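Model, not experiment: these values are computed from the prediction.
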Amino acid sequence: MFFTGTRSEVKVSSAFAIASGLVSDGGLFVPQEFPRFTPEELGEMVEMDYCRRAEKVLSKYLTDYSAEEIRNCVEGAYKGTFDHDEPAPLSDIGENRRMLELWHGPTCAFKDLALQLLPYLLTTALKKGGDGKEAVILVATSGDTGKAALSGFADVKGTKIVVFYPVDGVSDMQKRQMITQKGGNVSVCAIRGNFDDAQSGVKEIFTDAAMKEFLESGNMSFSSANSINFGRLVPQVVYYVSAYCDMLKDGTLKAGDEFNVVVPTGNFGNILAAVYAKKMGIPIAKFICASNKNNVLTDFIRTGVYDRNRKFYTTESPSMDILISSNLERLLYLLSDGDSGKVAAYMAELKNSGKYAIDSEMLAKLQSEFFGGCCDDESGRGAIADLFRERNYLCDTHTAVAVAVAADYRRETGDERVQLIASTASAYKFAPAVLKALTDRPLPADDFAKLAMLAELTGTEVPAPLANLKGDEVLHKDCVNKEEMAEFIRRKLV
């Protein structure tokens, strides 16, 4: 298995792709071809636990890793790290809907499934490279990636990690998780701007010649923990494969039965992982892409025009407050049948004018598999309230967007297939908004009092990783402008 680029033809190993994070021209690494599971292999995986399934998926892509290396990576990441050693359990919420709960890890968000594993994959890749360089993990976050990456890489030998987040674009609990992070190799900084500013700043720094020279002088090299890194994406493929196996095991589906996947997404990585799972033989019929008021993806799916020249909204689902969806580039590569020149031209248009329009053939392919929908904060709060009242099931604001859009899809199409809904975070990470959906009572000022109030109101428990933040010292207080990000990195790496 080799990897190429979305904007240019290259041929590299998986270890090189994971260690590098990004192609030198700014493009993303993609597999040259997709491995497929046979029906017999999928049948065998039904009886496996999550770790064994992960090994099977990873071994298809990471062919330059030994079976022992993959097993060590998987067990290091998932054993004893998630509730009940079940990283991605399913819950039945009725009406042919299954919640894929991806928030049972150490930071209570779906990013844990990838970012507990990535440090193992990356450090193994660096050993294979053999150049002895220290990896500088550069991260832009809209909330959840930051803490999950910090948790995964804190004090990992041979690495440093620098995280940027929008100062007013994350929830109070997400911010608290990041600014209290301990570790001798971690740096966290707010930026004055939104997530797109942080993300574009990180991409510019990645390809800046002066910064590369600075890193070389210190025997360092950049890598990424964002989903632009294939090592972040491939662990996400695992949980869609595993969910299909679980639905076969519990009788929700019979072998070969198609189902729909519903994903709340801003940067497109989480839904792209489901696309890759389908490429491997998982029978997904429709990808239902759920957006909040920042509905650039909804418009793209419905019209074929990607246009970020629009008002940016700060919403109650802040991890989706994004207008530049980095992983969409990998989908463009698939839709264009691997035409890297065409993808490069679209990306140049996006950079220069803020928009591009795909051709009619690509649009037809897109719409044959994707449905795009969106909902505002009020509709999201309604979904939270209805789900709790009708099913006694508590969900967060991002999952609520998916629930609302999934219902819209059924009303519009009449498609009653099983819906697998990606539940991306614990409700407690967004307690103020969830409480607003459930009660008219005034909210206490203290963050932890809000957690206690939500627990009392719903009869659920505050997740330990969040409860344990109380009293933690604030260690990271920096805030810079976008144009000051590079200088901040230089200060922290000296």
Side-chain angles (χ1 to χ4, degrees), residues 81-83 87-88 91 99-116 139 141-152 163 165-181 188 190 195 263-267 270 290 292 314-322 377 380-381 383-384 387-388 393-403 421-439 443-444 446-458 460-470 472 474:
T81 314
F82 291 78
D83 296 340
S91 282
M99 281 290 194
L100 176 57
E101 295 181 350
L102 301 172
W103 39 263
H104 289 279
T107 77
C108 306
F110 79 100
K111 307 296 176 70
D112 288 327
L113 275 294
L115 284 165
Q116 286 298 303
V139 179
T141 183
S142 55
D144 287 332
T145 290
K147 174 57 181 179
L150 290 163
S151 174
V163 171
Y165 69 93
V167 64
D168 296 318
V170 300
S171 77
D172 291 341
M173 196 55 62
Q174 287 174 315
K175 180 178 179 179
R176 185 181 290 270
Q177 283 185 303
M178 288 187 282
I179 63 177
T180 58
Q181 177 66 49
V188 181
F195 170 73
V263 186
T265 187
N267 220 10
N270 201 7
N292 61 19
T314 299
T315 75
E316 292 177 353
S317 48
S319 297
M320 297 159 63
D321 290 347
I322 296 169
D377 286 344
R381 288 195 295 271
I384 291 170
L387 194 57
F388 188 73
Y393 189 90
L394 184 64
C395 78
D396 86 296
T397 51
H398 303 75
T399 306
V401 169
V403 171
I421 302 173
S423 180
T424 54
S426 165
Y428 285 88
K429 292 194 80 166
F430 308 94
V434 174
L435 282 166
K436 260 201 297 189
L438 297 176
T439 181
L443 305 186
D446 178 73
D447 288 342
F448 293 94
K450 293 184 182 81
L451 299 186
M453 182 177 178
L454 184 57
E456 178 189 359
L457 186 68
T458 61
T460 58
E461 290 187 16
V462 180
L466 301 181
N468 293 342
L469 289 171
K470 191 171 185 178
D472 279 3
V474 174

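Annotation for T141 and P166: closest pair O-CD, 3.0 Å, computed over non-hydrogen atoms. Residues P432 and L443 come closest through the heavy atom pair O-CD1, 3.7 Å. Closest heavy-atom contact between S151 and Q116: OG-NE2, 3.5 Å. L115 and A148 make their closest contact through CD1-CB, 3.5 Å (heavy atoms, listed as atom of the first residue, atom of the second, distance). Shown here for P264 and M320, the closest heavy-atom pair between the two residues is CB-SD, 3.8 Å. Taking both residues in full, the closest heavy atoms of V462 and L451 are given as CG2-O, 3.7 Å, listed atom of the first, atom of the second, then distance.
At a threshold of 4.5 Å between non-hydrogen side-chain atoms, the residues E316 and N292 do not count as touching. In this structure the side chain of C395 reaches within 4.5 angstrom of the side chain of I384, judged on heavy atoms. When side chains are defined from C-beta on, P318 does not count as touching F195, because their heavy atoms never get closer than 4.5 Å. Side-chain contact between L113 and F82: present, with at least one pair of heavy atoms (C-beta onward) separated by less than 4.5 Å. Between E101 and D83 the shortest side-chain heavy-atom distance does not fall below 4.5 Å. With a 4.5 Å cut-off on side-chain heavy atoms, Y428 and M173 do not count as touching.
Under the 3.5 Å distance criterion, the side-chain polar atoms of T180 are matched with a main-chain donor or acceptor of R176. Looking only at distances, no side-chain donor or acceptor of H398 sits under 3.5 Å from a matching main-chain atom of A425. Distance alone, capped at 3.5 Å, is enough to place a donor-acceptor pair between the S171 side chain and the K429 backbone. Side chain of D144 to backbone of A109: no donor-acceptor contact under 3.5 angstrom is found.
For D472, the CG atom sits in a packed shell: over 12 heavy atoms of surrounding residues, nucleotides or ligands are nearer than 6.0 Å.
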For side-chain contact (heavy atoms from CB on, under 4.5 Å), just list the numbers for F430 and T399, CA-CA rounded to whole Å, side-chain angles, deciding distance to a tenth of an Å, and then say yes or no.
-> CA-CA 11 Å; F430 308 94; T399 306; over 6 Å; no

Please report the C-alpha distance between T424 and S319 in whole Å, then the side-chain angles of each, then the deciding distance to 0.1 Å, and finally whether the side-chain contact (heavy atoms from CB on, under 4.5 Å) criterion is met.
-> CA-CA 10 Å; T424 54; S319 297; over 6 Å; no

Decide yes or no on side-chain contact (heavy atoms from CB on, under 4.5 Å) for D377 and K436, but give the supporting numbers first.
-> CA-CA 11 Å; D377 286 344; K436 260 201 297 189; over 6 Å; no

Can you check side-chain contact (heavy atoms from CB on, under 4.5 Å) on I322 and S142, steps first, answer last?
-> CA-CA 8 Å; I322 296 169; S142 55; 4.1 Å; yes

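Side chain to side chain, K147 and Q181 meet the donor-acceptor criterion of an N or O pair below 3.5 Å. Under 3.5 Å, the side chains of T397 and S317 contain no donor-acceptor pair of N or O atoms.
We find the OG-CG distance between S423 and L102 to be 7.0 Å, quoted to the nearest 0.5 Å. Between the CG atom of L438 and the CG atom of L394 there is a distance of 6.5 Å, given to the nearest 0.5 Å. Atom CG of D321 is separated from atom CG of D168 by 12.0 Å, given to the nearest 0.5 angstrom. Within the model, atoms CG of D172 and CG of D447 stand 4.5 Å from one another, a figure rounded to the nearest 0.5 Å. Distance check, rounded to the nearest 0.5 Å: CZ of F110 to CG of N270 gives 4.5 Å. Expressed to the nearest 0.5 Å, how far CG of L466 lies from CZ of F448 amounts to 8.0 Å.
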